[in-house]
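One-based numbering, in listed order, for ligands and for the atoms of each. Values below: all heavy atoms of this structure, side chains included; hydrogens, waters and symmetry mates excluded.
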Amino acid sequence: MKMLSRLRSGMAALEWGRFSARFARCPFCGRSLFVRLNDGEAGVRCVQCAASTVHLSVGLALANEIPDLSRLQVYELSAAGPLVEHLRRQARTADFSEYHPDAAPGTMWRGVRCEDVQALSWPDASFDLVTHSEVFEHVPDDARGFSELRRVLRPGGMMVFTVPLSDAPRTVERARLTEGGIEHLLPPEHHVDPFKGNEPVLVFRDYGCDITQRLERAGFGGVRIETPVFPVPWARLRPVVRATAV
Ligand SMILES: [Zn+2]
């Protein structure tokens, strides 16, 4: 059923002139076929597990950084997809959550734990590894969010994540949360959230190179930003940020 709906959405996204296919090793499902259905970022997928280039970026960074997850307690800030399935299979324990504005932190909504990264309900030092993809550009108070993730990590624990990242020296704030509501500093930009039925979610900022200092202010060290190497040239992977809780 999953395969059929995947095939159907794949056919809808397909532009024949742009189609390309190549075998490579997927960090989640092993040797697999990768296809390019169109030139969009979402047009590149692993045929077996449907991993996107964002998933692949985090998966490959994890495989390079921590090849053995079997002793680690892991927390990922999403609850579905190939990375979630991989962590569920590989880690000692794996916890997952999504954000829902109407759900209190730590409560369940449609079978999924809900958390606000700015006010997590987890105790201090609960995890060895925290991962997230394309989340923090949507967090109104990202300093508080990073501090919260630092709090729930054990000292020496690692955070591995992606955000849309430019090579601008400074992060550009696009919007901020005030007592009167959201104040837009730039024209509103949205991404879609599949957890809430592809509802548009506001982008609060475009991160630049100062993300390193932002992480250091929240109690992280050893920040490194690297784009994993992948032998499929048209699969343009994302830079992945790695930081250690100090
Ligand atoms: Zn795969």
Side-chain angles (χ1 to χ4, degrees), residues 1-16 18-98 111-112 127-135 158-165 191-195 198 225-242:
M1 213 44 212
K2 211 174 186 181
M3 205 62 188
L4 200 65
S5 74
R6 208 178 276 168
L7 191 66
R8 209 174 284 144
S9 64
M11 287 307 286
L14 178 60
E15 291 168 25
W16 273 113
R18 302 306 302 148
F19 181 78
S20 200
R22 197 155 162 173
F23 283 101
R25 189 170 175 77
C26 173
F28 305 117
C29 65
R31 188 163 164 76
S32 183
L33 184 66
F34 290 82
V35 291
R36 176 179 66 190
L37 302 172
N38 57 53
D39 276 334
E41 192 181 36
V44 174
R45 294 278 169 172
C46 169
V47 165
Q48 290 188 119
C49 74
S52 67
T53 51
V54 173
H55 293 133
L56 290 172
S57 305
V58 175
L60 288 165
L62 275 182
N64 293 336
E65 202 69 39
I66 318 170
D68 180 12
L69 298 170
S70 65
R71 292 181 179 182
L72 302 189
Q73 296 193 277
V74 180
Y75 176 36
E76 152 65 26
L77 294 182
S78 74
L83 175 62
V84 164
E85 295 309 319
H86 177 73
L87 296 175
R88 220 192 286 278
R89 284 193 304 267
Q90 302 290 330
R92 184 176 132 215
T93 66
D95 283 286
F96 308 101
S97 70
E98 296 274 359
V112 174
F127 304 106
D128 306 297
L129 171 68
V130 167
T131 58
H132 47 98
S133 310
E134 314 302 285
V135 170
M158 191 175 277
M159 177 164 73
V160 177
F161 70 98
T162 67
V163 283
L165 202 54
H191 297 158
V192 293
D193 182 354
F195 178 63
N198 287 331
I225 303 173
E226 280 167 20
T227 304
V229 176
F230 191 58
V232 178
W234 35 257
R236 290 187 297 274
L237 297 202
R238 292 288 200 91
V240 178
V241 185
R242 283 159 263 204

Partners passing ring pair (Phe, Tyr, Trp, His ring centres under 6.0 Å) against His86 (at least two apart in sequence or in another chain): Phe28

Close aromatic pair by centroid cut-off 6.0 Å: Tyr75 and Phe96: no

Electrostatic pair Glu65-Arg242, nearest N-O below 4.0 angstrom: yes

Atoms of the protein (N/O/S only) found under 2.8 Å from the Zn ion (ligand 1): Cys26 SG, Cys29 SG, Cys46 SG, Cys49 SG

N/O donor-acceptor pair under 3.5 Å between Glu76 side chain and Ser78 backbone: yes

Stepwise side chain to side chain contact (heavy atoms under 4.5 Å, CB included) test for Val44 and Trp234: CA-CA 8 Å; Val44 174; Trp234 35 257; 3.9 Å; yes

Any side-chain heavy-atom pair of Val54 and Glu134 under 4.5 Å: yes

